[in-house]
Student: 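Please see the structure below; I have some questions.
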There are 2 protein chains.
Amino acid sequence: MSIDRRSGCPINLSLEVFGDRWSLIILRDMIFGGKRHFRDLLNGSLEGIASNILADRLKRLMELGMLTRADDPTHKQKAIYSLTEMAITLVPILAHLGAWGRVWLPVSEELSIRAELLEKGGPPMWEKFMDELRHEHLGTPSDTPPDATVRATLQTGYEAVVARKAPGAGRDADA
Amino acid sequence: MSIDRRSGCPINLSLEVFGDRWSLIILRDMIFGGKRHFRDLLNGSLEGIASNILADRLKRLMELGMLTRADDPTHKQKAIYSLTEMAITLVPILAHLGAWGRVWLPVSEELSIRAELLEKGGPPMWEKFMDELRHEHLGTPSDTPPDATVRATLQTGYEAVVARKAPGAGRDADA
DNA sequence: TGCAACTGATTGCAAAATGCAATTGGTTTG
DNA sequence: CAAACCAATTGCATTTTGCAATCAGTTGCA
């Protein structure tokens, strides 16, 4: 578990944090999908993570300082996971990664609309989104969260694509 | 081998390309270290990749369209590996990744100076660097390669740090 | 000519990671 | 009180990784 320190190179160390098949998927679902609970992450992601792997990665990401865990006051067994600032600052990287993937890989339209909107929004949109995440996850009570959130924008765009592709359906499964 | 297609999400597909412990290290050494041969990559990287893993990843990266392989005219057995445009456009992602790692991870100064210079240079420097790489790897004969290359700048910065840390030594091992 | 050093790999094997299904002890809902 | 749900944990088969030794061919040098 935890980190290896093969070398002090920034790229190598970054890879040791999320250079595996699941860590970044989990962070993606928390950041863009708003998932906060074990079950949400387990059933919610399109890729189908196994529960033991999910448990392992959540633990590891906590050890690395990317996540925190707290008891959910509404449910004695429920744990609520939060992103730390360290994880929130991954947003620009995820945006770039999404943009790169859209160009070079066989992405599906439904799943890449968010990457496209995020790319079009550019750094100003990323900053706004990061502030929203800080609100949700770090509980900064400084200013009130804005009405028109970036997440809502991304979600609306996604639903528009789904509705266009399958008229009459939509509005249900998130990805 | 090759790709899994767990989902068409751009981030997932990107992870399927280089979401392992070695692919991005190899690309880093080719991009920033100028490594083009099997032995360079095998002995040159600080992290110490095994030869079977290196062979496997080179093959895989070729299948994915990130690298090409050609015979070296100066040596009948030597193969020379080149980056494709697909790989060259990873530069901004690597720059971001390096910047993120410098902030949040226990990087060593010698190995992060390049990331720092690249961060300070910003997108204009990245573009210049990508053009240099296109020259070296894609053989675009359009304009002549500039005298003051970004790679030389990065290398000079690296040597300055090494010389400052170990006066009298330096100038040898690359990383 | 002969031989060491070097070329891009390949093989065998142990260790670790992954994936899957079933299960755990407990909580909440109807 | 039972069914559904909660965050995990366990056992086990499969896959991937890491290490060391080895391969056949090429080159450089004496």
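Hydrogens, waters and symmetry mates play no part in the numbers below; they use all other heavy atoms, side chains included. All values derive from a computational prediction rather than experimental measurement. The chains referred to below are lettered A, B, ... by the order of the sequence lines, with proteins before strands, and numbering in each begins at 1.
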Student: Hey, is the main chain of B:Val161 close enough, under 3.5 Å, to the side chain of B:Glu109 for a donor-acceptor pair?
Tutor: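 Not at all, since once roles are kept as given, no pair shorter than 3.5 Å links the two residues.
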Student: Less than 4.0 Å between a side-chain N and a carboxylate O, is that true for A:Arg151 and A:Glu132?
Tutor: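 Between A:Arg151 and A:Glu132 there is no salt bridge, as every charged N stays at least 4.0 Å from the carboxylate O atoms.
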Student: Output the rounded distance in Å from CD (A:Glu16) to C1' (C:dA16).
Tutor: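 Distance check: A:Glu16 CD to C:dA16 C1' gives 16 Å.
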Student: Which whole-number value in Å describes the distance from A:Asp71 CG to C:dT28 C1'?
Tutor: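 A:Asp71 atom CG is separated from C:dT28 atom C1' by 16 Å.
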Student: With a 3.5 Å distance limit and no angle check, can you tell me whether A:Glu16 reaches the backbone of A:Arg6 through a side-chain donor-acceptor pair?
Tutor: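 Such a contact is found between A:Glu16 side chain and A:Arg6 backbone.
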Student: Testing B:Leu94, B:Ile31, B:Ile93 for side-chain contact (heavy atoms from CB on, under 4.5 Å) with A:Ile11, which one passes?
Tutor: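 Among B:Leu94, B:Ile31, B:Ile93, the one that satisfies the side-chain contact (heavy atoms from CB on, under 4.5 Å) with A:Ile11 is B:Leu94.
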Student: What about the rings of B:Phe38 and B:Tyr81, do their centers lie closer together than 6.0 Å?
Tutor: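 No; B:Tyr81 has its ring centre 6.0 Å or more from that of B:Phe38.
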Student: Rounding to a whole Å, what distance do you find between A:Glu47:CD and C:dG19:C1'?
Tutor: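 Going from A:Glu47 (CD) to C:dG19 (C1'), I get 15 Å.
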Student: Rounded to the nearest Å, what distance is computed from the NZ atom of residue B:Lys76 to the P atom of nucleotide C:dA5?
Tutor: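 Taking NZ of B:Lys76 and P of C:dA5, I get 23 Å after rounding.
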Student: Does some side-chain heavy atom of A:Pro92 sit less than 4.5 Å from a side-chain heavy atom of A:Met130?
Tutor: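 When only atoms from C-beta onward are counted, A:Pro92 and A:Met130 do touch, with a gap below 4.5 Å.
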Student: What's the CZ-P distance between B:Arg6 and C:dT18, to the nearest Å?
Tutor: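 In whole Å, C:dT18 P lies 11 Å from B:Arg6 CZ.
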Student: Between A:Arg21 and D:dT16, is there a side-chain N or O to OP1/OP2 distance below 4.0 Å?
Tutor: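 No, no such contact exists.
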Student: Polar-atom pairs under 3.5 Å, protein N or O versus N or O of nucleotides 7-9 of chain C: list them with distances, or write none.
Tutor:
from: C:dT7; atom 1: O2; to: B:Gln77; atom 2: OE1; distance (Å): 3.3
from: C:dT7; atom 1: O2; to: B:Gln77; atom 2: NE2; distance (Å): 2.7
from: C:dG8; atom 1: OP1; to: B:Phe38; atom 2: N; distance (Å): 3.2
from: C:dG8; atom 1: OP2; to: B:Arg39; atom 2: N; distance (Å): 3.0
from: C:dG8; atom 1: O3'; to: B:Arg69; atom 2: NH1; distance (Å): 3.1
from: C:dG8; atom 1: N7; to: B:Arg39; atom 2: NE; distance (Å): 3.4
from: C:dG8; atom 1: N7; to: B:Arg39; atom 2: NH2; distance (Å): 2.4
from: C:dG8; atom 1: O6; to: B:Arg39; atom 2: NH2; distance (Å): 3.0
from: C:dA9; atom 1: OP1; to: B:Arg69; atom 2: NH1; distance (Å): 3.0
from: C:dA9; atom 1: OP2; to: B:Arg69; atom 2: NH1; distance (Å): 2.7
from: C:dA9; atom 1: OP2; to: B:Tyr81; atom 2: OH; distance (Å): 2.0

Student: Do the side chains of B:Asp20 and B:Arg57 get close enough for a salt bridge, i.e. N-O under 4.0 angstrom?
Tutor: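 Salt bridge present between B:Asp20 and B:Arg57.
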Student: Which is more 5' along DNA chain C, the nucleotide nearest B:Ile53 or the one nearest A:Gly48? Just name the residue.
Tutor: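 By nearest-heavy-atom nucleotide position, the 5'-most residue is B:Ile53.
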Student: Can you tell me the distance, in whole Å, between the CD1 atom of A:Ile49 and the P atom of C:dA17?
Tutor: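 From A:Ile49 CD1 to C:dA17 P: 15 Å.
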Student: Rounded to the nearest angstrom, tell me the gap between atom CG in B:Asp56 and atom P in D:dT16.
Tutor: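 After rounding, the reported distance stands at 9 Å.
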Student: So, does B:Trp22 get its side chain near the phosphate of D:dT16, meaning an N or O under 4.0 Å from OP1 or OP2?
Tutor: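 For D:dT16, neither OP1 nor OP2 has a side-chain N or O of B:Trp22 closer than 4.0 Å.
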Student: Are any of the side-chain nitrogens in B:Lys128 or B:Asp131 under 4.0 Å away from the carboxylate oxygens of its partner?
Tutor: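 Looking at B:Asp131 together with B:Lys128, the answer is no, because their closest N to O distance does not fall below 4.0 Å.
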Student: Short question: side chain of A:Trp100, backbone of B:Met86 - any donor-acceptor pair under 3.5 Å?
Tutor: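 Yes, A:Trp100 side chain to B:Met86 backbone: donor-acceptor pair under 3.5 Å.
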Student: Find the distance A:Asn52:CG to D:dA7:C1' and express it as a whole number of Å.
Tutor: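 To the nearest whole Å, that distance equals 13 Å.
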Student: Fill in the dot-bracket string of DNA chain D, one character per base: . for unpaired, | for a pair to another strand, ( ) or [ ] for pairs within the strand, taking Watson-Crick or G-U pairs under 3.5 Å.
Tutor: ||||||||||||||||||||||||||||||
